[in-house]
J.: 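Please read through the structure below; I'll follow up with questions.
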Amino acid sequence: MTKTTDTRTRDKLREQAEQLAASQPKERLQTYSDKETQSIIHDLQVHQIELEMQNEELRNAQVTISESRDRYSMLYESAPVGYLSLNEKGIVTECNTKFCEMIGLGREKIIKYPIGRFILDSESPILKHLLNSKANVVEHELGFVCEGGKSFHGLFQLHRTKEPHQQSNTAWLAAVSDITKIYDLAMELQIKSKAIDTTLESVMIVDNNTKICFVNKAFEKTTGYTRNQVLGKNPRILRSGKHTSSFYQDMWEAIAETGIWCGEIWNRKATGEAYPEWLNISTIYDDRQKPAYYVGVFSDITKEQELRLRLHELAYHDSVTNLPNRHLFMDRLEQEILHAQRNHTYFSLLFMDLDRFKSINDTLGHSTGDQLLKEVANRLSGLLRENDTIARMGGDEFIILLPTVDTASHADNVAKKILQCMSDPFDLAGRQYHIRMSIGISRYPDDGIDSETLIKNADIAMYKAKEKGRDTYHSYNKELNENIFKKVDLERDLREGLNNNALTLVYQPQIDLDSGKVSGVEALMRWNHPVKGLVMPSDFIWLAEETGLIVTMGYWALREALNQYQTWLREGIDVGILSVNLSPHQFLQSNLVDNMIKILHETGMPSDKLGVEITESAAMPNIQHTIETLEAFQKMGITVFIDDFGSGFSSLSLIRRLPIDVLKIDRQFINEIPGNPDDVAIAQAIIAMAQTLNLEIVAEGVETLDQLRFLQQHGCNAAQGYLFSKPVEPSGLNTLNLSL
Ligand code: C2E
Ligand code: MG
Ligand code: MG
């Protein structure tokens with residue numbers, strides 16, 4: 001304490017003391033000694049010091065308060081969050097700079113305005129709800145509108161407070177944080193997680209402790225494990241046991257090296273069933289580039305594998321018969337050639353073609369055709385050894401490779417067995433059909449040393465078998481090759497001939513054996529070849545049949561014969577029944593009856609003067625069609641002949657079912673009668689049967705009087721043959737001198 005202060009204090013104290021004394025009652029008046037005064041002064045000094053200290057504290061507190069206010073104000077102003085004060089009606093009474101920045105307006109354009117002004121219209125109901133809330137703290141995400149039309153996504157938090165100076169009214173302190181980025185991020189995450197969950201590919205995430213930490217829905221579906229069953233487990237639980245440990249070792253090494261692995265892997269489902277999957281593993285690294293997670297994306301490829309197998313099947317197998325196809329056959333053939341070259345062995349090829357398959361397909365439909373092919377494939381497969389290869393080359397062609405055959409006769413034996421197994425009828429669409437096969441054989445190395453030549457030569461030999469009369473086999477020889485070239489020329493010439501009117505008809509009379517008169521004539525085709533001259537049906541009908549040309553040729557013959565009939569009529573010549581041959585191919589055409597009606601109409605031919613000749617092989621493939629067609633013919637008055645009877649395979653019971661009028665006994669049974677007892681017996685039986693069935697009977701190829709007599713004796717109705725007349729030009733008929 002300073003001296004001056006001391007003096008002043010002393011004076012003041014004295015003054016106080018004097019005032020005190022004056023105010024005291026007299027009897028209690030007391031005077032202080034110096035010592036006492038000194039003590040009082042000391043006390044007062046202590047008190048003074050205490051007061052000053054209190055003042056100092058007060059000042060310090062004021063400074064602290066002021067500093068705190070500054071700090072608060074600074075915090076308030078520069079906070080990264082928008083702060084607002086709202087009154088109970090939601091009017092902004094104060095806001096910080098951050099909020100102004102967020103909204104893009106000055107304080108003066110914010111304060112005194114309702115907070116709703118800065119919030120998307122669509123969200124005003126939420127705002128209203130918040131402001132009416134009874135809670136002390138409420139928050140919600142709201143869309144805020146900024147100056148210039150922009151907006152941001154904000155977290156709006158309200159803390160209830162009191163209006164300053166009006167303790168009873170509610171007011172709000174509000175904080176607004178721009179969470180647009182978090183919101184967008186959350187949205188993105190949500191979309192990604194939705195995408196992962198809805199993707200068809202299974203996803204499994206494994207952490208760096210090799211524990212499964214995430215699986216999606218597709219995973220659950222594919223594996224059959226639920227999320228809870230696998231989370232925290234080692235992915236080893238999925239192993240199928242189909243891979244060695246080195247497989248997994250290699251996989252993890254690749255992942256460690258490159259961060260990724262993809263490939264096919266077999267895993268096991270919850271049910272225990274093993275399945276193949278295509279797995280893609282990629283590594284997620286942490287900040288220090290250490291692997292943190294492994295993401296496995298996989299899909300069950302069982303179906304793809306099945307498809308792959310199926311495609312392989314399709315690529316190498318015929319879909320109808322399931323036999324190897326040409327592709328696979330060629331592979332095996334090439335291998336066999338190599339083997340035969342190395343070991344100096346022989347082998348054989350059998351090339352097979354179904355006779356008249358096309359007719360079956362055309363008339364019974366493709367599914368029945370397919371059924372037939374399957375059945376043929378089954379029969380053929382049943383005959384072969386394990387090492388033999390049978391393939392379908394396409395259409396109705398099959399081929400067999402008989403590897404390492406020592407003797408040529410082995411192939412012949414197989415061919416015989418094949419023909420034998422084909423002789424049983426086929427059940428197709430509820431009926432029985434006789435289907436035959438022609439087989440051509442070629443042999444390595446005699447008939448070719450490369451696959452192409454061997455197949456081509458077996459094919460050529462097969463055509464020869466067909467020419468020989470089908471239902472037979474033939475081995476290749478060099479002359480055949482020359483013939484096949486002729487065949488190509490022949491086909492071309494025949495097409496040209498058809499266009500150039502090179503076809504003609506000759507007519508052969510049939511003689512009634514009772515009256516000795518001409519009861520009918522048969523139209524027979526001839527071909528005037530520009531170089532070869534007159535070509536007989538046996539040299540071209542088979543080819544026409546094979547190429548389908550026979551249909552056009554058959555209709556041409558029908559028109560031609562019917563027109564000729566009109567000419568004879570005009571000339572006053574009565575030829576009786578005019579019969580025309582219908583090939584199997586033509587007979588199986590579904591529009592045959594319609595065409596017949598049309599041609600009859602066009603030519604003016606009386607239908608009761610027309611006869612049609614069909615062979616058993618035309619009648620057999622589709623009995624229903626045969627019956628319907630023949631019935632239609634008979635209804636029109638047309639006479640139905642079964643030609644070459646006895647040469648086919650038709651059963652007597654079948655013949656009985658057919659609506660026919662005349663049986664023509666095949667020439668082969670007439671040829672050697674009466675000398676050959678077998679033929680005699682057959683001819684007699686046919687005649688007797690025809691009589692029982694009430695059918696007329698015509699004998700073909702009657703050349704001798706002995707034959708004629710025999711036929712007459714046995715009750716044959718009519719005969720046709722060189723004995724009476726060879727087939728002649730139309731004009732030749734009126735000059736015929738026919739007498740028995
Ligand atoms: P096909 O219908 O059985 O005709 C009878 C065949 O026997 C005819 O042969 C005829 O010339 C022959 N022939 C008749 N009498 C005798 C005889 O006493 N001795 C001998 N050796 N032969 C005799 P062609 O004219 O060569 O006809 C052969 C076959 O060609 C016919 O047999 C028939 O299946 C077919 N053909 C002929 N013309 C036509 C036709 O216009 N259309 C169809 N689809 N086939 C026809
Ligand atoms: Mg005939
Ligand atoms: Mg005949």
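First listed ligand is number 1; within each ligand, the first listed atom is number 1.
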J.: Is it the side chain, the backbone, both or neither of Thr615 that has a heavy atom closer than 4.0 Å to ligand 1?
T.: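 Neither part.
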J.: Counting heavy atoms only, name the option from Gln510, Gln508, Arg526, Met536 that's nearest to atom 25 (O) of ligand 1.
T.: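 Result: the heavy atom closest to atom 25 (O) of ligand 1 is in Arg526.
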J.: With the Mg ion (ligand 3) as the point of reference, which N/O/S atom of Glu700 is the closest?
T.: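 Closest to the Mg ion (ligand 3) among those atoms: OE2.
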J.: Inspect the contact between Lys456 and Asp459 and indicate whether a charged nitrogen and a carboxylate oxygen are less than 4.0 angstrom apart.
T.: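 No, this pair does not count.
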J.: Please check if the number of heavy atoms outside Glu729 that lie under 6.0 Å from its CD is greater than 12.
T.: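 Result for CD/Glu729: open.
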J.: Surrounding CZ of Arg526 (heavy atoms of other residues, nucleotides or ligands, distance under 6.0 Å), is the total greater than 12?
T.: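 Yes - once you tally the heavy atoms of other residues, nucleotides and ligands closer than 6.0 Å, there are more than 12.
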J.: Counting N and O atoms only, with roles assigned by atom type, does the side chain of Glu696 sit under 3.5 Å from a partner on the main chain of Asn717, one being a donor and the other an acceptor?
T.: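 Not at all, since once roles are kept as given, no pair shorter than 3.5 Å links the two residues.
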J.: Check whether any N, O or S atom of Glu522 sits under 2.8 Å from the Mg ion (ligand 2).
T.: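 So Glu522 does bind the Mg ion (ligand 2) by this criterion.
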J.: Hey, is ligand 1 close enough to Ser538 that some N/O pair sits below 3.5 Å?
T.: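 Min N/O separation from ligand 1 is not below 3.5 Å for Ser538.
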J.: For the Mg ion (ligand 3), find the closest N/O/S atom on Asp644 and give its atom name.
T.: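 Nearest to the Mg ion (ligand 3) within Asp644's N, O and S set: OD1.
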J.: Using distance alone, decide if ligand 1 has a nitrogen or oxygen within less than 3.5 Å of any nitrogen or oxygen in Met525.
T.: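 There is such a contact, yes.
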J.: Tell me which part of Val506 gets within contact of ligand 1: side chain, backbone, both or neither, using heavy atoms under 4.0 Å.
T.: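 Neither part.
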J.: Measuring only between side-chain heavy atoms, which start at C-beta, is Cys421 closer than 4.5 Å to Leu383?
T.: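 Touching, per the 4.5 Å side-chain cut-off.
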J.: Students often mix this up, so state it plainly: with edges at 30° and 60°, are the rings of Phe710 and His714 parallel, tilted or perpendicular?
T.: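 Judged by the thresholds at 30° and 60°, the geometry between Phe710 and His714 is tilted.
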J.: I'd like to check atom 18 (O) of ligand 1 in this structure: does the protein have a heavy atom lying under 4.0 Å from it?
T.: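 Under 4.0 Å from atom 18 (O) of ligand 1, at least one protein heavy atom found.
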J.: Between Lys466 and Glu546, does at least one N-O distance fall below 4.0 Å, as a salt bridge requires?
T.: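 Salt bridge between Lys466 and Glu546, a charged N being under 4.0 Å from a carboxylate O: no.
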J.: For residues Pro674 and Val680, report the shortest heavy-atom separation together with the two atoms involved.
T.: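 Closest heavy-atom pair between Pro674 and Val680: O-CG2, 3.3 Å.
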J.: Is Glu522 near ligand 1, meaning one of its heavy atoms is under 4.0 Å from it?
T.: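 A heavy atom of Glu522 does come that close to ligand 1.
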J.: Assess whether a salt bridge exists between Glu631 and Lys635, defined as any Lys/Arg side-chain N lying under 4.0 Å from an Asp/Glu carboxylate O.
T.: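 Judged by the 4.0 Å cut-off on N to carboxylate O distance, Glu631 and Lys635 do not form a salt bridge.
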J.: Is any N, O or S atom of Ser579 under 2.8 Å away from the Mg ion (ligand 2)?
T.: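 No N, O or S atom of Ser579 is closer than 2.8 Å to the Mg ion (ligand 2), so no.
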J.: Would you please determine whether Pro727 falls within less than 4.0 Å of ligand 1 on a heavy-atom basis?
T.: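 Heavy atoms of Pro727 do come under 4.0 Å of ligand 1.
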J.: Please give the atom name: the N, O or S atom of Asp643 nearest to the Mg ion (ligand 3).
T.: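 Closest N, O or S atom of Asp643 to the Mg ion (ligand 3): OD1.
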J.: Between Met553 and ligand 1, which residue portion shows a heavy-atom distance shorter than 4.0 Å: side chain, backbone, both, or neither?
T.: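 For Met553, there is no contact with ligand 1 at all, from either part.
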J.: Determine the interplanar angle of the Phe587 and His625 rings, folded into 0 to 90°, and report it as parallel if under 30°, tilted if 30 to 60°, perpendicular if over 60°.
T.: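 Correct class here is perpendicular.
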J.: Determine whether the side chain, the backbone, both or neither of Glu700 has a heavy atom under 4.0 Å from any heavy atom of ligand 1.
T.: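 Contact part for Glu700 vs ligand 1: side chain (C-beta onward).
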J.: Counting only heavy atoms, which portion of Arg667 has something under 4.0 Å from ligand 1: side chain, backbone, both, or neither?
T.: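 The side chain, only.
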J.: Ligand 1 and Glu703, any nitrogen or oxygen pair closer than 3.5 angstrom?
T.: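 Yes.
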J.: Is a salt bridge present between Arg392 and Glu397, judged by a nitrogen-to-oxygen distance below 4.0 Å?
T.: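 Glu397 and Arg392: not salt-bridged.
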J.: Examine the proximity of ligand 1 to Ser583 and report which part, side chain or backbone, both or neither, has a heavy atom under 4.0 Å away.
T.: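 The answer is both.
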J.: Go through it in stages, so that I can follow the logic: the residues are Trp568 and Tyr507, the test is ring pair (Phe, Tyr, Trp, His ring centres under 6.0 Å), and I'd like the CA-CA distance, side-chain angles, deciding distance and then a yes or no.
T.: CA-CA 12 Å; Trp568 282 321; Tyr507 299 87; 4.8 Å; yes
J.: Counting only heavy atoms on the protein side, is anything nearer than 4.0 Å to atom 2 (O) of ligand 1?
T.: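 Protein heavy atom within 4.0 Å of atom 2 (O) of ligand 1: present.
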